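Written below as structure tokens is the structure these notes are about.
Starting from 1, each residue takes its place in the sequence as its number. Note that the coordinates shown come from a computational prediction; the quantities given were computed from them, not determined experimentally.
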Amino acid sequence: MTTVLLVRHGLTATTGQVLTGWTPGVGLDERGRRQASALAARLAPVPLAAVVTSPLDRCRQTAEAIIAARDPGNGQHLRASVDDRVGECHYGDWTGKPLKELAKDPLWPVVQVHPSAVRFPGADGESMLDMQHRAVTAVREWNGRLGANATYLVCSHGDVIKAIVADSLGLHLDQCQRILADPCSLTVIRYTPLRPFLLRLNDVGGAVDDLLPRPEEAKQDGQAGQDGQGGLESESDAVIGGGAGAAASETASDALVGDGAGGAGG
């Protein structure tokens, strides 16, 4: 049985506000560095056969923090293996645009409801099906390379992790938008000869703050659903790119942009 630890990168300055995609030079901010350090401490006792990472800075920095926290006899010698196949989805012309602007694009509801039909616009736009195929192929190949008893870590992005999880559960890609992968969350899949088992999903380490209603939610609760726009339609939007999660809710403008209304920024 090969066990894969899927880790989403920590927060960046643009997470939840801009669809960063493959924009170069976007690293972890102070919040993201704290998240990476906390996750690294949690994972330090777990033996790892390899650490695989997306080539993008935010993932490489998260992976490097995890390696740095390990004891010399338990993987500190590891070097992160860069694999483009677990890199972010190529969002094409959507890359670098504010999420509030993208939410008005006619393609947005298709991404929400029928992602398997989506190819992002532009010469370098990728289909979500192609993204899932390359990411799942990478995981399967690493499983074979490291062997049946290995435990290893893959640091990747929200949409990529959601697509891998959907595959592990035998779900159509259109169901991946029901899955969450918050910044620096831990998702664990154990692959066996007959089927994968999802052992953990979106584990962020214990606090329940994300389950509490936000003040603005409580105020609007009586109105949502009456106007036909602020209720279920916005609350059930998936977080394209992964979103910023509850950990970033330091102010009204931090990381809650589009949370439940289609925020992104994987």
Side-chain angles (χ1 to χ4, degrees), residues 4-21 26-43 53-54 56-63 65-66 86-89 99 111-112 115 131 135 153-166 168-169 175-189 198-214 217 234-266:
V4 183
L5 280 56
L6 299 171
V7 170
R8 187 183 167 203
H9 62 81
L11 284 162
T12 75
T14 62
T15 307
Q17 301 176 52
V18 173
L19 192 59
T20 307
V26 180
L28 302 180
D29 64 10
E30 182 57 35
R31 301 167 302 166
R33 288 190 288 272
R34 290 197 303 265
Q35 289 177 323
S37 294
L39 179 59
R42 290 177 60 205
L43 294 179
T53 181
S54 157
L56 296 169
D57 289 347
R58 53 197 185 273
C59 285
R60 296 180 74 151
Q61 291 170 4
T62 304
I66 290 170
V86 297
E88 181 64 284
C89 186
L99 298 169
V111 176
Q112 295 292 325
M131 175 271 288
L153 184 145
V154 175
C155 189
S156 187
H157 306 266
D159 281 347
V160 179
I161 291 172
K162 289 160 60 175
I164 294 171
V165 170
S168 75
L169 294 175
Q175 307 305 316
C176 79
Q177 303 295 32
R178 304 183 181 197
I179 299 166
L180 292 178
D182 285 337
C184 252
S185 62
L186 173 66
T187 294
V188 182
I189 303 172
L198 181 63
L199 305 184
R200 292 195 183 196
L201 178 66
N202 200 37
D203 174 7
V204 292
V208 296
D209 293 354
D210 59 317
L211 302 179
L212 302 177
R214 299 191 297 274
E217 265 187 348
S234 60
E235 290 176 355
S236 62
D237 271 359
V239 187
I240 310 304
S249 57
E250 295 177 2
T251 71
S253 61
D254 279 345
L256 289 179
V257 176
D259 187 60

When rounded to the nearest 0.5 angstrom, what distance separates [atom1] in [X] from [atom2] in [Y]?
X: S185; Y: L180; atom1: OG; atom2: CG; result: 9.0 Å
X: L6; Y: L186; atom1: CG; atom2: CG; result: 8.0 Å
X: T53; Y: R58; atom1: OG1; atom2: CZ; result: 10.5 Å
X: L11; Y: R33; atom1: CG; atom2: CZ; result: 11.5 Å
X: L28; Y: R34; atom1: CG; atom2: CZ; result: 11.5 Å

My understanding is that only residues two or more places apart in sequence, or in another chain, count here; which of them pass side chain to side chain contact (heavy atoms under 4.5 Å, CB included) with [X]?
X: L198; value: V165, L169, T187, I189, L201
X: A40; value: I66, A69
X: A135; value: V160, I164

For this session: For V204 and Q35, run side chain to side chain contact (heavy atoms under 4.5 Å, CB included): C-alpha distance rounded to whole Å, both residues' side-chain angles, the deciding distance at 0.1 Å, then the answer.
Result: CA-CA 9 Å; V204 292; Q35 289 177 323; over 6 Å; no
If we only count heavy atoms from C-beta on, is the [X] to [Y] side-chain gap below 4.5 Å?
X: L19; Y: L99; value: yes
X: H157; Y: L56; value: yes
X: T15; Y: T20; value: no

Exercise. Should the pair D57-R60 be classified as a salt bridge under the 4.0 Å nitrogen-to-oxygen rule?
Worked result: no
Which heavy atom in [X] sits nearest to a heavy atom in [Y], and how many Å separate them?
X: C184; Y: L39; result: O-CD2, 3.7 Å
X: K162; Y: C176; result: CE-O, 3.2 Å
X: I179; Y: A166; result: CD1-N, 3.9 Å
X: A13; Y: R31; result: CA-NH2, 4.4 Å
X: D159; Y: E88; result: CB-OE1, 4.4 Å

Measure from the side-chain N and O atoms of [X] to the backbone N and O of [Y], and report whether any donor-acceptor pair falls under 3.5 Å.
X: N202; Y: D182; value: yes
X: Q61; Y: H9; value: no
X: T62; Y: G10; value: yes

